[in-house]
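What follows is a short report on a single structure.
In what follows, chains are A, B, ... by sequence order, proteins preceding strands, each numbered from 1.
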Amino acid sequence: MLDLNYIREHTDEVREGLRKLHLDAPIDEILELDARRRQLLQEVENLRARRNAVSKEIGKMRDEAGRQALIAEMRQVGDQIDALEEELRQVEARLEQLLLEVPNMPHPSVPEGKDESENIVVRQEGTFRQFDFEPLPHWELGVTLDIIDFERAVKISGTRFYVLKGAGARLHRALVAWMIDLHVQKHGYTEVLAPYLVRRECLIGTGQLPKFAENLYFDAEDDLWLIPTAEVSVTNLFRDEILPAEALPINLVSYSACFRREKMSAGRDVRGIKRVHQFDKVEMVKIVEPETSEEELFKLIDNAEDVCRGLGIPHRVVQMCTGDLSFTASIKYDIEMWAPGSQEWLEVSSCSLFGDFQARRANIRYRPAPGKKPRYVHTLNGSGLALPRVMIAVMENYQQADGSIVIPEVLRPYMGGQEVIR
RNA sequence: GGAGGGGUAGCAUAGUCUGGCCUAAUGCGCGCGUCUCGAAAACGCGUGUGGGUAACUCCCACCGUGGGUUCGAAUCCCACCCCCUCCGCCA
């Protein structure tokens, strides 16, 4: 959420930001409602001040006739207050609703562009493996090795679900365990395991709601929502808190299942395990002081890249242009791994700096020093990494001519020393 | 799910029965200062959040949440949420 004062005082910059994003937002209506709100607020508060003062007098008065006269007068004032408050409530509700639909502003450093075609490949690392045979896509390798079962997944859950089996399931588990250990032991994160079902307010806090409800699964009876990413549960751990300065930076890593309807991409990427309704992910979340947040973003990206380096799979870092930024991000970089069987770059991580956009929504603040006013924190997160696509990259990069898959060395301790899946 | 107890500012408590000097007190913690070579102790001052305002020693709101009664609600009424104890059920 943007600061209402900022919208009022820097209206032109907000309009310019929206133009760069190729998005629209009801700025005029917001400004009108804001002006009306402040006007109503003053009227109501003046009336309330009067009533407070007079009511106190009434409590002390002995003259019964004068008392009754004042009570009658205050009854009138009360009616006026009720009427104004009703209008105020409506204005504030509408204002809140509109503010929640205004996207974050792009950071000035973000290159301008209309859509993903204008994203910028910042760097590429690692060497492509030279194959002396035709590398197969993972959906063929997985079925042949009997480590992925698509048909039974569809039988029990429908399209866009998958089942891992035997060494496939274990490879998945090994990846999760190794990634978490890497981030904890080498990068200094603290591991957390949080609920997959969260309250509606959490989705509003991190920005999935109200705009993107159609991408989420939820339980109507209890109004509990399945998280589309651990970002939601982990960032919201701190909602409505004022953290002491010494608690920052907070660096958390969390494994979770993620649930997405994928309504927007019907018909795309239907083969294999690239785009599914339920997948697992290791997510990194940072809660930091505003002054350090850009530096923290680059650490975050490097931490995610370290996973690619450890696995020995080529990757590249892509900066999103303004037209391809998410609703909540101020800066965003994707990390993509090369998949030689599918012949494509796979987005395995998305690293974002949100500034205070999420912090305002979730009301996460910190106190810079004892006695000082609370300030909003900056939040960041990045995948470290998303499991199915890393599985794809491992399977396709490490396949051999006979269809077997060599297990990357870093994962072998997590697989009981196994070296090859055949 | 049943019965009982509870939710008050960072923490711990008072206030609720009996509405109005509660515009929420006290202790702890925290900050600043005095004293000291320095510290502790003691003493003094200060210390919740959000909003209105150019700004304030000014005003408004917030006592779990949302409604209601009243000139006036932490206090009375209704609904809901959460926590604790016991019982039931359960991996």
Side-chain angles (χ1 to χ4, degrees), chain A residues 1-10 30-100 193-205 218-225 233 236-248 250 257 287 356 358-377:
Chain A
M1 183 154 70
L2 297 184
D3 181 6
L4 187 52
N5 292 318
Y6 182 83
I7 298 178
R8 190 190 311 128
E9 286 157 26
H10 299 84
I30 286 171
L31 290 173
E32 280 166 34
L33 287 169
D34 172 49
R36 181 69 186 140
R37 184 186 75 93
R38 285 185 298 150
Q39 184 193 344
L40 285 168
L41 209 51
Q42 260 189 354
E43 290 175 26
V44 166
E45 288 188 355
N46 287 338
L47 289 173
R48 277 205 286 239
R50 172 126 179 281
R51 184 176 68 180
N52 285 346
V54 174
S55 288
K56 214 167 98 179
E57 284 303 307
I58 292 172
K60 293 179 191 162
M61 271 178 86
R62 303 183 154 250
D63 168 25
E64 190 55 27
R67 211 178 126 93
Q68 289 306 324
L70 284 181
I71 287 177
E73 193 190 336
M74 285 310 103
R75 200 172 283 145
Q76 300 283 319
V77 171
D79 289 344
Q80 287 181 54
I81 292 174
D82 284 349
L84 291 172
E85 275 181 339
E86 178 54 29
E87 189 185 349
L88 188 60
R89 252 197 300 277
Q90 286 174 13
V91 167
E92 285 186 332
R94 177 72 182 146
L95 189 57
E96 171 80 3
Q97 186 187 354
L98 291 178
L99 279 174
L100 286 175
L193 183 63
Y196 300 167
L197 282 165
V198 299
R199 299 174 191 280
R200 172 188 298 267
E201 303 88 83
C202 296
L203 281 311
I204 293 172
F218 76 106
D219 167 50
E221 186 171 349
D222 294 319
D223 197 25
L224 281 174
W225 298 63
S233 45
N236 278 283
L237 291 175
F238 306 100
R239 65 179 298 107
D240 293 321
E241 289 195 26
I242 301 175
L243 302 159
E246 60 270 22
L248 304 180
I250 293 172
I287 312 278
D356 63 9
Q358 290 183 328
R360 268 177 209 289
R361 288 173 160 251
N363 193 27
I364 307 173
R365 292 170 293 172
Y366 79 107
R367 202 180 294 282
K372 292 277 197 250
K373 282 275 170 199
R375 296 175 72 197
Y376 287 109
V377 298

### Task
When you get a sec, tell me which of B/G52, B/G50, B/A61 is the closest nucleotide to the side chain of A/K373?
B/G50
#### Entry: Between B/C80 (P) and A/D223 (CG): distance, integer Å
17 Å
### Summary
Using Watson-Crick geometry (N1-N3 plus N6-O4 or O6-N4) or G-U wobble (N1-O2, O6-N3), each under 3.5 Å, B/C35 is paired with none
### Message
Taking B/U26 as the reference, what is the distance to B/C45 when you measure between their P atoms (whole Å, please)?
### Response
12 Å
### Salt-bridge contact A/E241-A/R365 (side-chain N to carboxylate O under 4.0 Å)
no
### Task
Please state the C1' separation for the pair B/A73 and B/C17 - nearest whole angstrom.
15 Å
### Message
I need the CZ-P distance between A/R36 and B/G52, as an integer number of Å.
### Response
16 Å
### Message
Can you confirm whether A/R199 is buried at CZ, in the sense that more than 12 heavy atoms of other residues, nucleotides or ligands lie under 6.0 Å from that atom?
### Response
no
### Query
Taking the P atom of each, how far is B/G48 from B/C56, in whole Å?
15 Å
### Query
Within the pair A/R38 and B/G52, is there a side-chain N or O less than 4.0 Å away from OP1 or OP2?
no
### Query
Do A/Q358 and A/R361 have a side chain donor and acceptor closer than 3.5 Å?
no
### Summary
To the nearest angstrom, the CD-P distance between A/E85 and B/C60 comes to 13 Å
#### Entry: Short N-O contact, A/D34 and A/R8, less than 4.0 angstrom
yes
### Message
Can you tell me if A/R48 touches the phosphate of B/C59, counting only side-chain N or O atoms and a distance under 4.0 Å to OP1 or OP2?
### Response
no
### Task
Please step through side chain to side chain contact (heavy atoms under 4.5 Å, CB included) for the pair A/E57 and A/R67, ending with a clear verdict.
CA-CA 9 Å; A/E57 284 303 307; A/R67 211 178 126 93; over 6 Å; no
### Task
Sort out the partner of B/C56 for me: Watson-Crick or G-U wobble, both distances under 3.5 Å, none otherwise.
none
## Note on the structure
Taking a pair to mean Watson-Crick or G-U wobble geometry with both distances below 3.5 Å, B/U85 pairs with B/A3
### Message
Between B/G15 and B/G7, how many Å separate the two P atoms, rounded to a whole number?
### Response
10 Å
### Task
Sticking with atom C1', work out how far B/C86 lies from B/G67, rounded to a whole angstrom.
33 Å
### Message
I want to verify a distance call: between B/G20, B/C59, B/U53, whose nearest atom is closest to the A/A49 side chain?
### Response
B/C59
### Task
From the options B/G51, B/C60, B/C71, select the nucleotide whose nearest atom is closest to the side chain of A/I58.
B/C71
### Query
Counting only Watson-Crick or G-U wobble pairs whose two distances fall under 3.5 Å, which nucleotide matches B/C17?
none
### Task
Could you please name the option among B/G52, B/G72, B/G67 that lies closest to any side-chain atom of A/S55?
B/G72
### Task
Return the value, rounded to whole Å, for the distance between atom CG of A/D240 and atom P of B/G7.
21 Å
### Task
Give A/P244 one of three labels, base, sugar-phosphate or nothing, depending on what nucleic acid heavy atoms sit under 4.0 Å from its own.
nothing
### Any side-chain donor near an acceptor of the partner, A/Q76 and A/Q80, under 3.5 Å
no
## Note on the structure
Note: A/V377 and A/Y366 closest approach over all heavy atoms is CG1-CD2, 3.7 Å
#### Entry: Selection from B/C71, B/U49, B/G51 that lies nearest to any side-chain heavy atom of A/E45
B/G51
### Task
Please measure how far the C1' atom in B/A91 lies from the corresponding atom in B/G6, and state the result in whole Å.
30 Å
### Distance, rounded to the nearest Å, where A/Y366 contributes OH and B/U49 contributes C1'
18 Å
### Ion pair check, A/R38 and A/E45, cut-off under 4.0 Å
no
## Note on the structure
Taken to the nearest whole Å, CG/A/D34 to P/B/U53 is 9 Å
### Query
Taking the same atom, P, in B/C62 and in B/U75, what whole-Å distance lies between them?
10 Å
### Query
Can you tell me if the side-chain N/O atoms of A/N52 get under 4.0 Å from OP1 or OP2 in B/G72?
no
### Query
Can you tell me the Watson-Crick or wobble partner of B/G27, both distances under 3.5 angstrom?
B/C11
### Out of B/G52, B/G50, B/C60, whichever nucleotide has its closest atom nearest the side chain of A/R365
B/G50
### Query
Mapping A/R75 and A/K60 to their closest nucleotides on RNA chain B, which lands nearer the 5' end?
A/K60
### Task
Using only side-chain N and O atoms of A/R367, determine if any of them is under 4.0 Å from OP1 or OP2 of B/U49.
yes
### Nearest to side-chain heavy atoms of A/R199, which nucleotide of B/C82, B/C60, B/U49
B/C82
### Query
Starting at CG of A/L70 and ending at P of B/G20, how long is that distance when rounded to a whole Å?
19 Å
### Summary
Atom CD of A/E57 and atom P of B/C21 are separated, to the nearest Å, by 12 Å
### Query
Does B/C80 have a Watson-Crick or wobble mate here (both distances under 3.5 Å), and if so which one?
B/G64
#### Entry: A/M74 or A/R67, whichever maps to the more 5' nucleotide of RNA chain B
A/R67
### Message
Give me the distance, rounded to whole Å, that separates B/G72 from B/C22 when you measure between the C1' atoms they each carry.
### Response
13 Å
